[in-house]
Amino acid sequence: MARHGRRVLRTDFFRRPAALVARELLGIELVRNQDGGPTSSIITETEAYEGPHDLASHSSRGRTRRTEVMFGPAGRFYVYLVYGLHWMLNVTAGEPGDAAAVLIRGLGAVSGPARLTTALGIDDSLNGLEAAKQNGLWFEDRGHVVAPRQVLRSARIGVEYAGPKWTRKKLRFVLKGSVR
DNA sequence: GCAGTGATCATA
DNA sequence: ATGATCACTGCC
C-alpha cells in the first residue's frame, strides 16, 4: 500500500466497538462526490452511540423502521432527520445486531452535525448505503496521524434525555485545535 | 434562554 | 387519529 495513498476505509474498519471507530475516524477524510466533483474534509468531531444498553442511542428504543440500519451490518450510513429540520450523518459500527453507530459531528471548518450535512448535501437518500462502496460518500485514510494528546474526550451533546449515567459517558471525540 | 420544525413512534 | 419527543441551530 502506498504510504500517502488514498485508502478507502473498508467495512472491516467499522466492525469494531463504536467508541474505537469514533476515535479512529478523527483525522480521516470524509469524501463527497456530487455533480460538481469530489470534495473532502477532515473529520474533527464524532460521537459513539452504543447498542440498546446505551440509553442515549436510538437503538435503546428498540428496532423500528428508522433504526433498522443500526441493527444491520457495520459500515452503512445511518441518516435521519431530527427536529424536523436537520439531517444527521452516522455510520454503523460493531457486529450485526450490536446496533451501534458513530455520529459525524464536525468536519474541518464546518462545526455542527446539521451544518455538516447541509454543506455536503447529505440526506436520507444515502441511508443504508455501504460506505466502502463509494456511493457518493465515503471515508479515506490519507495517513494523517492523530496522536492521543490531540484527542479531547467529553460527554455527548444533547442527550440529557438518557439520564445522568449515559449523558456523562465520555463518548464524544474532538480533534484539538478544531474547536474554538 | 428558547422557538422553529415535522418525521417518527407509542398509544388508542 | 393524537400527542410527545427529538443525537440542532440561530436568534434573543
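Values below: all heavy atoms of this structure, side chains included; hydrogens, waters and symmetry mates excluded. So that the names make sense, note that chain A is the first sequence line, chain B the second, and so on, each numbered from 1.
Put simply, CG on A/L55 is 12 Å from P on C/dC6, counting in whole angstrom units. Rounded to whole Å, the distance from CG on A/L116 to C1' on C/dA7 is 13 Å. Rounding to whole angstrom units, CZ of residue A/R156 and P of C/dC8 are separated by 11 Å. Between the CZ atom of A/R63 and the P atom of B/dT8 there is a distance of 17 Å, given to the nearest Å. Computed from coordinates, the A/E160 CD to C/dC6 P distance equals 10 Å when rounded to whole Å. With rounding to whole Å, A/L81 atom CG is found 10 Å from B/dT8 atom C1'. As a whole-Å value, the separation of A/H86 NE2 from B/dT8 P is 16 Å. One interatomic measurement links the two molecules: CD of A/E45 to P of C/dT9, which rounds to 9 Å at whole-angstrom precision.
Within the structure, a side-chain polar atom (N or O) of A/H58 is placed less than 4.0 Å from OP1 or OP2 of C/dA7. Neither OP1 nor OP2 of C/dA7 sits under 4.0 Å from any side-chain N or O of A/R172. Within the 4.0 Å cut-off from OP1 or OP2 of C/dA7, not a single side-chain nitrogen or oxygen of A/R105 is found. For the OP1/OP2 pair of C/dC6 and a distance below 4.0 Å, the side-chain nitrogens and oxygens of A/Y161 include no atom meeting the criterion. Residue A/R61 places no side-chain N or O under 4.0 Å from the OP1 or OP2 atom of B/dA10.
Listed nucleotides B/dA7, C/dA7, B/dG4 differ in distance to A/L85; the shortest reach to its side chain belongs to B/dG4. Of the candidates B/dT8, C/dC6, C/dG10, the closest approach to any side-chain atom of A/R115 belongs to C/dG10. You'll find that the side chain of A/T64 is closest to B/dA10, out of B/dA10, C/dG10, B/dG4.
If you check C/dC11 for Watson-Crick or wobble pairing at under 3.5 angstrom, you find it paired to B/dG1.
Using a 4.0 Å heavy-atom criterion, one finds that A/A114 contacts the sugar-phosphate atoms exclusively. Note on A/R66: only backbone sugar-phosphate atoms sit closer than 4.0 angstrom, heavy atoms only; bases stay farther off.
Using a 4.5 Å heavy-atom cutoff, the side chains of A/W138 and A/E29 are not in contact. With a 4.5 Å cut-off on side-chain heavy atoms, A/L25 and A/L9 count as touching.
Under the 6.0 Å distance and 45° angle rule, A/R16 counts as a cation-pi partner of A/F13.
Applying the 3.5 Å distance criterion, the base of C/dA7 shares a donor-acceptor pair with the side chain of A/Y80.
By the 6.0 Å contact criterion, CZ on A/R168 is open, its count of non-hydrogen atoms from other residues, nucleotides or ligands being 12 or less.
Nearest-nucleotide mapping onto DNA chain B: of A/Y83 and A/T67, the residue sitting toward the 5' end is A/Y83. With the nearest nucleotide of DNA chain B identified for both A/G62 and A/G84, A/G84 has the one nearer the 5' end.
At a threshold of 4.0 Å, the pair A/E140-A/R7 does not count as salt-bridged, since none of the basic side-chain nitrogens sits closer than that to a carboxylate oxygen.
Ring pair A/F139/A/F14 is tilted by interplanar angle, where 30° to 60° counts as tilted.
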